[in-house]
Amino acid sequence: MPNWLNDAVFYEIYPQSFYDSNGDGIGDLQGIIQKLDYVKNLGCNAIWLNPVYDSPFMDAGYDVRDYKRVAPRYGTNEDLVRLFEEAHTRGIKILLDLVPGHTSDTHPWFSEAKKAAENEFSNRYIFTRSVWDAPPEYRMMCGICERNGNYMVNYFSSQPALNYGFYEITHPEWQLPPDHPDCRKTVEAIKDIIRFWLDKGADGFRVDMADSLVKNDDEKIATAKIWRSVREMLDKEYPEAALVAEWCWPQRAINDGGFHMDFYLDHVGNGYCKLFRAGLWGSDAVFNKNGCGDLKGFVDEYLPRYNQTKDNGYISFMTNNHDMPRVTAYLDKQAIKLVNAFIFTMPGVPFLYYGDELGMRYQADLISKEGGFSRTGSRTPMQWNSGKNLGFSESDEPYLPVDKSADAPTVENQKNDPDSIYKVVTDMIALRHRYPDLRGNGELEFMYEEGKIPFAYRRGSLVMYFNPLGVDFKINTRYDGDVIYKLGSAEIKDGVIHMQPQSFLMIETL
Ligand code: NOJ
């Protein structure tokens, strides 16, 4: 386990929207290099970079055409190596995005696989034996290539699924077992890509749809086995490299697959969703001031997962990512401050999505860009200052329009505002670094009674109290101590804690 993860705080950068250094309207690697000091000053010491590889951008780069070449719009491979170096001199690690489940349908492997004549790549993707064979239980593209067969897609139609085999074989005429030499070759091809970028200085990968490799593998047994073999390779050859799974099943991803981290994703009705998004536009969310305020639904799901995986890896909370509406669509400013106090005081490795430190707004009405659809509104350019395109780009045609509201938050106007979300985010990250108890593997004990507000949890010597609701509460507490941090109005005196609406209190126990 790389030691650096215990104190890691990640910043997710969506490269096309972060900073455009050459005025072509699209963010680029040089732009990220220029903003590394900004990332460092947030307190983040690691970056997850969404895909920067050559791609036709039907899915914003998750449709890879060449895994080993940076997309020209972002720069060159040399620029990426320079980004690694510049980040490392500032103590920042960089995780690239690995997309192992599928490629673009313009990838050269796929061009070969589509050919009628059998070749080295005929089994790199999943084809049926005839175009008349399209079992409805699979998502297939039918009758569009020279080869007599239909192929399976993993996400959008332009993303054919790579072939790692089938755990349960229901159509033996075209489904291969995971240990078939050609499926093993797919695994080796992915390991080769991992080595390629780690050798150039990357510090690891966020793994896209990590659970999607082997098909008919409901329990994900065979998929986890592949990742375990990747972990073994890392332990042997790159022990400092880290992998975070887009999976949301930490027992499988961490304990079996060997991932160092697994994202707590937003799935309808799950624990993460209950915190920030549940109900109609967050109406039932724990952190909505008119919501349920009860942590039970979250704890019931999270705690067993945490207890079963904490010795092997980290569950990663995120403020948001490029696939979900920003939390500003659901919660008011004070609630968002409380959310940040929560995320940065939980165990595991937290992820901050670019712009969330400002409270950037979800832009609901944008026309889809590069396969974003409803996600497009969370992918708008970073808001730096009051200049053209809010400082993102000098171009007249930025990648996406910036927030047009007169009070759009920017780094410039938030940085020195004592009432800003920026202040809370940077304060909380600083506290996390300052108190080892708050870090990734520090202990956690929930202290709450069902339905009772405030809810609280203890992390070593520190106790966090939250009253997310719009009314005040008073309770007895067994802990007394010094107030380390406060949001809203709250006090603790003689074993009684009194919390005004939407408040947070962190105390250090005596
Ligand atoms: C998950 C990624 O986060 C998302 O943006 C992408 O569209 C799909 N995987 C497909 O790769």
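Note that ligands are numbered from 1 as they come in the structure, with each ligand's atoms numbered from 1 the same way. By convention here, the first residue in the shown sequence is residue 1.
Taking CG of Leu213 as the start and OG1 of Thr186 as the end, the distance is 9.5 Å to the nearest 0.5 Å. Residue Thr426 holds its OG1 atom at 10.0 Å from CZ of Phe344, rounded to the nearest 0.5 Å.
A salt bridge does not link Arg82 with Glu85: none of the charged nitrogens is closer than 4.0 Å to a carboxylate oxygen. Under a 4.0 Å N-O distance rule, the pair Arg379/Asp323 qualifies as a salt bridge. A salt bridge links Arg326 with Asp356: the closest approach of a Lys/Arg side-chain nitrogen to an acidic carboxylate oxygen falls below 4.0 angstrom. Under 4.0 Å is where a charged nitrogen must lie from a carboxylate oxygen, and between Lys185 and Asp182 at least one such pair does.
The immediate protein surroundings of ligand 1, defined as residues with any heavy atom under 4.0 Å of it, consist of Asp59, Tyr62, His102, Tyr155, Arg206, Asp208, Met209, Glu246, His322, Asp323, Arg375, Arg379.
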